[in-house]
Protein chains: 4
Amino acid sequence: MLIYGTEISSRLLLGTAQYPSPKVLKDAISASHCDIITVSLRRESSAGSGAGFWDRLRDLNVQILPNTAGCHTAGEAITTAHMAREIFGTTWIKLEVIGHSDTLQPDVFGLVEAAQELTREGFQVFPYTTDDLVVGEKLIAAGCEVLMPWGAPIGSGQGLRNPDALRSMRAHFPELPLIVDAGIGRPSDAARAMELGCDAVLLNTAVAKAGDPAVMAQAMAQAVEAGRRGYLADPMPKRDMAVPSTPVFGIAELA
Amino acid sequence: MLIYGTEISSRLLLGTAQYPSPKVLKDAISASHCDIITVSLRRESSAGSGAGFWDRLRDLNVQILPNTAGCHTAGEAITTAHMAREIFGTTWIKLEVIGHSDTLQPDVFGLVEAAQELTREGFQVFPYTTDDLVVGEKLIAAGCEVLMPWGAPIGSGQGLRNPDALRSMRAHFPELPLIVDAGIGRPSDAARAMELGCDAVLLNTAVAKAGDPAVMAQAMAQAVEAGRRGYLADPMPKRDMAVPSTPVFGIAELA
Amino acid sequence: MLIYGTEISSRLLLGTAQYPSPKVLKDAISASHCDIITVSLRRESSAGSGAGFWDRLRDLNVQILPNTAGCHTAGEAITTAHMAREIFGTTWIKLEVIGHSDTLQPDVFGLVEAAQELTREGFQVFPYTTDDLVVGEKLIAAGCEVLMPWGAPIGSGQGLRNPDALRSMRAHFPELPLIVDAGIGRPSDAARAMELGCDAVLLNTAVAKAGDPAVMAQAMAQAVEAGRRGYLADPMPKRDMAVPSTPVFGIAELA
Amino acid sequence: MLIYGTEISSRLLLGTAQYPSPKVLKDAISASHCDIITVSLRRESSAGSGAGFWDRLRDLNVQILPNTAGCHTAGEAITTAHMAREIFGTTWIKLEVIGHSDTLQPDVFGLVEAAQELTREGFQVFPYTTDDLVVGEKLIAAGCEVLMPWGAPIGSGQGLRNPDALRSMRAHFPELPLIVDAGIGRPSDAARAMELGCDAVLLNTAVAKAGDPAVMAQAMAQAVEAGRRGYLADPMPKRDMAVPSTPVFGIAELA
């Protein structure tokens with residue numbers, strides 16, 4: 001999978017917030033074999049947690065995708081992106097423009113505005129967006145080469161609330177990398193996202209808040225691969241009426 | 001996982017019907033790393049396909065679980081079990097007593113009757129049953145040490161039609177091995193069955209009828225492992241209201 | 001709708017348990033315009049609540065369908081049916097043989113056994129059963145001219161846990177009255193049961209435990225009619241891809 | 001229900017497109033007892049069907065809500081609204097700005113822009129929008145006093161694809177009239193929308209394309225009332241574990 005010209009091998013991306021400890025975070029990242037982790041600039045730059053945390057991540061040999069979590073306007077997000085470029089030395093930015101304090105859903109107006117500006121400035125924007133097709137088109141027109149539609153609200157663990165909308169995005173953007181971001185709660189959710197034809201999954205809370213984050217990270221990595229293989233293997237169609245899975249020959253010989 | 005005193009390492013069991021060729025079947029079994037395959041006695045004993053097919057399976061170094069697919073009465077199933085013991089040299093029997101030609105659903109009355117008789121005769125019965133708790137109790141009373149509830153009609157690929165019923169079985173039989181048998185269509189279905197706490201998954205059509213059976217077999221094996229790990233890792237609860245997955249510090253410093 | 005030769009005009013049947021007061025029960029029954037109510041013999045015969053309760057129901061001018069709620073064996077249910085015939089002066093009996101104290105699900109073995117005996121004795125049996133097609137066939141063979149499959153466990157309000165199974169029953173028993181009994185929680189659940197082609201709905205807890213039982217009774221009655229009309233009106237098929245609902249003419253004239 | 005100062009008694013609104021004949025349309029409207037119908041300006045102004053059609057609608061004594069179906073830009077929609085005001089003599093406008101020819105989904109950017117302009121000009125705007133909360137806020141800020149979120153793509157009959165999003169809108173705009181517009185296929189879908197707390201339902205294809213549109217119109221009207229009453233009656237909560245709906249007394253006396 002090629003995103004902004006970079007070959008990505010793992011189709012699971014991990015967030016780094018909410019872990020019980022840096023050690024647990026590190027173990028989860030290792031167990032997942034992911035290539036890319038996303039880091040909140042605001043967290044990173046906060047007093048206390050900063051330097052050591054950043055050093056630890058560097059050791060992991062994964063690519064950092066800074067995000068603008070917590071930004072509620074295009075202006076805030078752009079400022080945060082500038083700081084992220086400075087601190088992390090990358091023009092990649094996971095763009096979050098939050099429309100609501102409680103649902104943490106994207107403000108698609110602010111998102112498109114910030115994406116236009118950041119693309120103009122040379123950033124490679126990974127927009128956290130809704131499953132709205134038309135918004136997706138505007139983000140693509142703004143220069144985004146990847147879309148990150150939500151599955152459900154951040155941290156809800158509800159899985160895919162509207163799989164038909166994701167199917168529709170896949171159908172309309174057949175070539176564009178689609179990364180489901182937010183809402184994944186169980187490995188089966190991650191597998192299903194991949195079976196719908198999405199290219200990757202980004203998740204955070206489901207691993208960080210599991211009883212055993214490292215085991216869950218491994219489970220998610222397997223589920224993503226399973227779903228991808230299931231997609232590529234061309235699954236059987238669902239059938240309304242049951243049909244025998246075991247063709248029966250030679251019944252007479254039992255008489 | 002211990003079933004009838006035998007340690008089973010893979011939690012994916014595969015059926016052997018409907019494959020385009022013996023070679024494709026063999027490749028799928030290898031790709032899945034499964035320990036147990038189920039074989040239809042009626043198919044096996046039919047003219048033409050028999051001997052060579054059986055020889056090929058022997059090479060695979062997997063355990064054979066003969067089934068009574070195609071039997072519509074307890075009497076037929078018992079007769080078939082006797083033949084299976086003869087041919088395959090095992091007292092294991094996957095017991096199917098089919099109640100309908102089109103839905104292929106279990107006849108739970110014939111099933112319990114046949115389970116009682118076969119257990120008395122020393123068989124280790126793996127009953128293909130519905131998700132009915134009370135039927136499960138009768139099968140256990142008949143001596144079954146494993147239950148194989150359906151997810152959906154055989155060959156339908158519909159996934160889990162009634163996950164609540166499976167959850168209920170898990171809650172009522174906390175120690176008993178539960179193997180979801182029939183209906184699985186996608187890797188996410190298999191993962192979900194495991195996340196509900198089921199111990200294993202048996203499937204056939206979803207692999208045999210996939211465009212690429214070996215890749216789908218591998219996908220299913222990964223999905224089963226992912227779901228099992230997801231269950232063991234103690235997943236986060238679903239939340240109705242979204243909460244931030246990225247705690248935000250130091251907002252002031254962006255002003 | 002003709003059941004056991006009796007013309008039933010309302011397709012909503014109500015249970016009489018768990019109401020806050022006899023007055024509320026009476027108001028709910030009136031609001032629902034139902035023809036048939038089901039009454040627990042065990043409750044009726046209990047000291048204290050009995051005679052007055054029964055007198056009140058008589059005033060309502062509805063047909064009483066006594067039930068065997070609380071019976072856990074065929075023998076108990078048969079004894080209770082005898083008492084019900086005595087007390088209520090009817091050979092109608094809603095047959096419940098409960099398999100589990102907590103899920104209150106049917107024991108289909110005891111159910112078929114009791115149905116055979118009661119039919120032989122001249123009762124008109126309304127069996128509370130699962131959504132198992134093959135069990136349905138055995139009940140029909142036992143002489144039942146109506147089936148009452150559950151939607152979900154009694155009192156759960158979960159709605160229809162397995163609509164595909166109900167669809168399958170409808171397809172296999174095209175002429176037989178099917179009454180969904182248990183599990184309905186919301187008017188939309190009742191409407192959906194009717195849209196699947198079921199002939200009627202029996203419910204209790206959803207009305208008795210609503211904040212305003214009389215209003216909920218009316219809501220359920222309307223929903224049942226709405227669902228029935230929806231079924232008869234031959235609904236449009238679902239479409240995967242959206243199509244315009246407003247055909248557009250004369251676009252040019254806006255230029 | 002008060003919308004823009006007008007008291008609306010029926011909570012079902014009907015579209016007027018795609019009916020087999022004006023007679024069938026008229027019968028469906030009568031059967032539904034609806035107060036408001038929506039009419040496509042583009043259809044109305046097209047050669048041939050226009051004048052007679054409009055005269056017939058006038059006879060029905062319902063309020064006309066003209067729509068901008070078929071408009072793909074804010075500019076087109078605004079022009080169409082001007083024409084609608086002229087032809088229908090009303091400042092009410094159901095605002096559709098379509099983002100895609102095939103899914104017919106709203107372009108929320110064009111929608112907000114057109115809503116701002118039309119409100120400024122004195123129109124009462126009924127915006128056909130997605131279930132995006134933040135877009136809803138922008139429409140309210142633009143002066144809309146009602147929102148019309150979709151249930152599913154226009155004409156798909158899929159029902160409510162994302163009920164959680166509608167619940168979220170209800171929670172965030174507790175006082176604002178919410179009318180689910182598009183996607184309703186069955187009476188149970190309409191009932192469910194109302195049970196979620198929505199104030200009304202607008203539908204078209206499900207009635208126009210039913211085998212018997214007048215019967216379906218009546219079914220939908222009942223379902224909407226049933227769902228509203230179900231909402232007001234304060235339904236029981238769903239319970240995970242079944243509980244008895246028939247409390248059992250006096251078991252001993254059956255011994």
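Labels below follow one simple rule: chain letters A, B, ... track the order of the sequence lines, proteins then strands, and each chain is numbered from 1.
- Heavy-atom proximity under 4.5 angstrom to chain B picks out C:Thr130, C:Asp132, C:Leu133, C:Val134, C:Val135, C:Glu137 from residues 124-137 of chain C.
- Looking at heavy atoms from C-beta onward, B:Val207 lies in side-chain contact with B:Tyr19 at the 4.5 angstrom threshold.
- Note on ring orientation: taking the six-membered ring where Trp is involved, the planes of C:His172 and B:His100 are perpendicular (angle over 60°, cut-offs 30° and 60°).
- Of the inter-residue distances, the one linking B:Ile3 atom CD1 with B:Leu176 atom CG reads 9.0 Å to the nearest 0.5 angstrom.
- Heavy atoms closer than 4.5 Å to chain B are found in both the backbone and the side chain of C:Ala165.
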B:Arg11 and B:Asp199: CA distance, side-chain angles, deciding distance, side-chain contact (heavy atoms from CB on, under 4.5 Å) verdict: CA-CA 7 Å; B:Arg11 290 171 183 274; B:Asp199 296 281; 3.9 Å; yes
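- Taking CG of B:Leu13 as the reference point, atom CD1 of B:Ile37 lies at 10.0 Å (rounded to 0.5 Å).
- Atom NZ of B:Lys138 sits about 9.5 Å away from atom CD of B:Gln116, to the nearest 0.5 Å.
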Dump the intermediate steps for side-chain contact (heavy atoms from CB on, under 4.5 Å) on B:Leu203 and B:Met220, then the final yes or no. CA-CA 9 Å; B:Leu203 52 84; B:Met220 290 295 186; 3.7 Å; yes
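- Taking B:Asn162, B:Val108, B:Val112, B:Asp107 one by one and counting their heavy-atom pairs under 4.5 Å with chain C, the maximum is reached by B:Asn162.
- Neither the backbone nor the side chain of C:Pro163 has a heavy atom closer than 4.5 Å to any heavy atom of chain B.
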